[in-house]
Structure formats: C-alpha cells, structure tokens
2 protein chains.
Amino acid sequence: MARTAGSHSALTAPRIREAAQELFARHGYAAVSMRQIAAEVGVQVGALYNYTPDKQSLLFDLMTAHLDALLAAQAAEDRPADPMQALEAFARFHIRYHAERPDAVFIAYMELRNLTPDNFATVETLRHRYEDRLSAILSAGQAAGAFRIAEPRIATMAIIAMLTGVNTWFRQSGRLSLSEVEDVYWDMTRRLVTG
Amino acid sequence: MARTAGSHSALTAPRIREAAQELFARHGYAAVSMRQIAAEVGVQVGALYNYTPDKQSLLFDLMTAHLDALLAAQAAEDRPADPMQALEAFARFHIRYHAERPDAVFIAYMELRNLTPDNFATVETLRHRYEDRLSAILSAGQAAGAFRIAEPRIATMAIIAMLTGVNTWFRQSGRLSLSEVEDVYWDMTRRLVTG
DNA sequence: GTCTATAAGCCGATAGAC
DNA sequence: GTCTATCGGCTTATAGAC
C-alpha cells in the first residue's frame, strides 16, 4: 500500500513518546507545553493530537507502558525456588532495570499527583502488583526460616526505596560499574532480611 | 506604634509561606499559580509581591528554610560518642523530623528541577551538609570496628533513601505509631551496617 | 500593605485547508 | 497526517490609586 506523502505515523508516534518522556523527566509534566513537545519532534502542535487525545493521556500512557513493561520483564526473570536466591534475583533485576530507564522511573514516581483520579488508581494498582512480588518473596523466606523480618510490608517498602535510590546518584561514568553497585546493594539487602 | 488599617505584614507573610507550601506539595510548583496562592491566603495576587520578588524565590525560600531548620535541629540533638548510639539517634531523628513535615520534605525532593541553577547549587550544598553528618557517623563506626560497611558513601545514600521512604506510606491513623515505625527502621538500619 | 487594572505572552485544544 | 490560524482562557509581573 503506497503511503501518502507526509504520512509518518509509524515514525512520529514513538518520537512523540520519547520527546514527552525526556521533557517530562527534565522539566516536569506541568512545566512542559504541547508546543515544546511538538518542537522537539519537529512537527506543529496540531499534529500531536493525531496521536493523543490530550496531554493527560500522554502522561498516563507513558506511566502505564513503563509499569506494564516492568511487570513483564520481572515476570520473565528466573524465579529461583530458594528464597535467598529469589531475593537476590529481585534486587539485582530491580537495580538494573531502573538504572537503565531513569526518565521513565522518574516520571512514574514524580508525576503521580498530575494524574486524574481514575488514572492514578490504575497506576497505583500496577505499582502495588510489583511491590506484591517482593512481598511474596519475603513472606516465603520468612516462612522457610531463611529471613527474620519484623514487619514484612515495611521491609518491602524499605527495600524498594533503598534500591530505587540508586537512580538519585548513579552515573555510568562514575567510579563503580552498575554490576559493582548491584553487589553492594545486594549485600545490604541480604543483611536487612537476615541480620 | 499604631498600625495602618489593612497592614497585616506580620500575619500575611507566614500565611503566604504556608499556603505556598501546601499547594506546591499537593499540585507541584509549576501547576500552582500565584493567583491560587493569593486566593488561599485571602488577598489579591498583587499583594503577594510585597513579600516575594517572584514565584521562584517563594520556592527557593521554602526549600532553604526547611533545610536550614533540618540542619539546626539535627545539630541540636545529642550526639552520643558511641557510633552505634549515634547512628540510632540519627535514624530516629531523621524519621521523626521528616514524618512530621511531609509537605516540606516532599517539596525539597520533588521540586529541585524547578530551581534556577544558582538556587539549585545552594540547595544541594545544604543537602550534602546533612548527608555528610550521617557519613561521619558511619566512618567513625567503621574506624572503631563497630560497623562493617563496604561502601560508606553508598551506605549513606541507601540509609537516607530507606528512612525518607517512610513518608511515602506512613499515616498517623495507621496500625503502627511513629515510635513503633522508628523501632522497625532502626532495626533495619542496624542490620545494614553490621550484618 | 492592599487594591484594581493591565501589559505581554503562553496555554491546551480545535477547525478546516491541503 | 500535517499544516496554519485561531479561540478563550490562563499566566507572571507591574503600575498607580488609596
């Protein structure tokens, strides 16, 4: 099927997503205008509305795409039967996956308050689904006697906050490689649940 | 000295600060207008400019006031000579101080990208000064043989991320009191540095 | 110190030509 | 699918009356 001159849908759609993601991460959703996104893509502002009904949907789609991909990638990982090995796999996966997508992670945490109530509820459900996977590992380890955890739900939140914190300081050009950073954080995570 | 009718400087100034803090925390700096702040205070928008030269200064002043107060409060705490006790005091202080000021904490972490470069540098200096106090405790404990820490600077970032994470889920009306939450997090912090 | 009025410009979103 | 032009409304900040 011949394509009309000026028809670039297959190219424009991902470019809009990438431009929006980078600009939202750098300046914040509310501070970025549809005109800025269009300029970054190299189209006029009206053209954006062929791909998204409004600005809010652009944000919501970025967040849900990120969380869907996170859940799918985590589900695709090996889940060792041994709780200690399962926790190590989770910790290393979490650090690696998040460190490689700082913009998407930043938006998913920082722009929650700019979602409409319905969209917020949907995103929160996805986030909880991810947290529940860590909670399940901790509970299994607790039941098996491998871990000693006073408050499993708090430990879940503490571990995720600690691991995600890597993104606030890690730089590829730094002293430590991501692999070495994984080692350090896994050691801290292991101590947290055994001690 | 008699006061002119309509002169409410001593009352208006803190009310502007409080309104800005609450609105910035709830909706984000970029999403809040000077008109919204004025409406919350109960004055017209022009009156705000008797107290702040512009919106940016309002944000900057909130952040520096928060960090200055944090540093002063931390400095006023007892600093036990024993590293383990010093770390416990720091962890408990950090949780309590941050949990009691969720709006100020939220703004200080989330609105960094909305600061001008000069203001950002100033705020980062204050934040590093606070982090350095935890690093000093960890180093002293390491030197005294009380702690076993592979990467002291990473441990600093990990502990602060973990402790500040309390604010993402803690509610006064929840199952656990703040004091009990302190106990749980201190236990995890202790494990982190000893293991 | 607060008010009203205004300047100058950007916002999200839409209509209609091509 | 992209463009230009536009609508109605909002923005920060200032000027000048009281």
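Computed over heavy atoms, backbone and side chain alike; hydrogens, waters and symmetry mates excluded. By convention in this document, chain letters (A, B, ...) are assigned in the order of the sequence lines, proteins followed by strands, and residues within each chain are numbered from 1.
Remark: A:Arg101 qualifies as a cation-pi partner of A:Tyr97 under the 6.0 Å distance and 45° angle criteria applied to the six-membered ring. With A:Tyr109 as the aromatic partner, A:Arg127 meets the cation-pi criteria of under 6.0 angstrom to the ring centre and within 45 degrees of the ring axis.
Here C:dC11 presents its C1' atom at 6 Å from CZ of A:Arg35, a figure rounded to the nearest Å. Between the C1' atom of C:dA13 and the CD1 atom of A:Ile37 lies a distance of 13 Å, rounded to the nearest Å. Straight-line distance from the NE2 atom of A:His27 to the P atom of C:dC11: 12 Å, rounded to whole Å. In this structure, the CG atom of A:Asn50 is 13 Å from the C1' atom of C:dA13, given to the nearest Å. For the pair A:Leu23 CG and C:dC11 P, the interatomic distance rounds to 12 Å; values are reported in whole Å. To the nearest angstrom, C1' of D:dT11 lies 16 Å from CD of B:Gln56. Rounded to an integer number of Å, the gap from OH of B:Tyr51 to C1' of C:dC3 is 13 Å.
The side chain of A:Tyr49 contributes no N or O atom lying less than 4.0 Å from OP1 or OP2 of C:dA15. At least one side-chain nitrogen or oxygen of A:Thr12 sits closer than 4.0 Å to the OP1 or OP2 atom of D:dT2. The phosphate of C:dC10 (OP1 or OP2) has no side-chain N or O of A:Ser33 nearer than 4.0 angstrom.
A:His98 and A:Phe93 have their aromatic ring centers separated by at least 6.0 angstrom. Taking the six-membered ring wherever Trp is involved, the centroid distance between the rings of A:Phe120 and A:Phe60 does not fall below 6.0 Å.
Between the side chains of B:Thr116 and B:Asn119, at least one donor N or O sits under 3.5 Å from an acceptor N or O.
The side chain of B:Lys55 approaches D:dA13 more closely than any other nucleotide in the set D:dA13, C:dG12, C:dC3. The side chain of A:Met34 approaches C:dG12 more closely than any other nucleotide in the set C:dT2, C:dG12, D:dG1. Which of C:dC3, D:dT4, C:dA13 sits closest to the side chain of A:Gln44 comes down to D:dT4.
Looking at heavy-atom distances under 4.0 Å, B:Val41 makes no contact with the nucleic acid at all.
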